[in-house]
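The structure appears below as structure tokens.
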Amino acid sequence: MLLIHTVAAGGGSLCQFDGARFRVGPESAGANPGPACYRRGGPLAVTDCNVMLGKLQPEFFPPVFGPNQDEPLDADAVRARFTEMAAEVEIIDRHFPLAGRACRRLPAHCCREHGQCHQEDLGAARL
């Protein structure tokens with residue numbers, strides 16, 4: 001079961017892991033810098049999810065991305081960003097196994113209630 005609350009889940013809606021759960025929007029990458037696949041250093045967005053899933057295939061788009069607007073969509077940047085996010089989730093899960101399951105708050109905020117960690121430990125775990 002999922003509780004879904006949609007504000008404006010367009011292609012630029014940011015995809016983030018907040019330490020306890022995955023979130024989409026309501027913040028937006030906008031058109032500039034845009035999603036990570038636009039080659040302008042943008043964050044992960046819904047468009048990137050579609051690139052990762054193969055629903056958007058870079059070879060079928062004109063090369064109008066990047067700072068000079070002459071490059072294709074960047075699937076490699078998307079994979080790299082998702083790999084970074086997966087590593088962050090793994091670190092959180094390894095060091096704070098109840099975070100996100102027991103209290104639905106960031107580990108740094110739930111630790112005093114559940115005895116799992118201290119805020120300083122969260123910073124050390126991300127190193």
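- Of all heavy-atom pairs between Gly41 and Pro33, the closest is C-CB, 4.5 Å.
- Atom NZ of residue Lys55 and atom OG1 of residue Thr47 lie 12.5 Å apart, to the nearest 0.5 angstrom.
- With rounding to the nearest 0.5 angstrom, the CZ atom of Arg39 is 7.5 Å from the CG atom of Asp76.
- Side-chain heavy atoms closer than 4.5 Å link hydrophobic residues (I, L, V, M, F, W, Y) into clusters, and following such links, possibly through other members, connects Val51 to Phe22.
- The heavy-atom pair separating Ala31 from Tyr38 by the smallest distance is O-CD2, 4.0 Å.
- Considering all non-hydrogen atoms of both residues, Ala77 and Ala36 come closest at CB-O, 4.1 Å.
- Under the 4.5 Å side-chain criterion, counting only non-hydrogen atoms from C-beta, Cys15 is in contact with Val24.
- For the atom pair SG of Cys37 and CG of Leu44, the computed distance is 9.5 Å after rounding to the nearest 0.5 Å.
- With rounding to the nearest 0.5 Å, the separation of CZ in Arg40 from CD in Glu71 is 10.5 Å.
- No side-chain heavy atom of Asp74 sits under 4.5 Å from any side-chain heavy atom of Phe65.
- A distance of 8.0 Å separates CG of Asp48 from CZ of Arg81, quoted to the nearest 0.5 Å.
- Closest approach of Pro35 and Ala29 over heavy atoms only: N-CB, 3.9 Å.
- Atom CE in Met85 sits 10.5 Å away from atom OG1 in Thr83 (nearest 0.5 Å).
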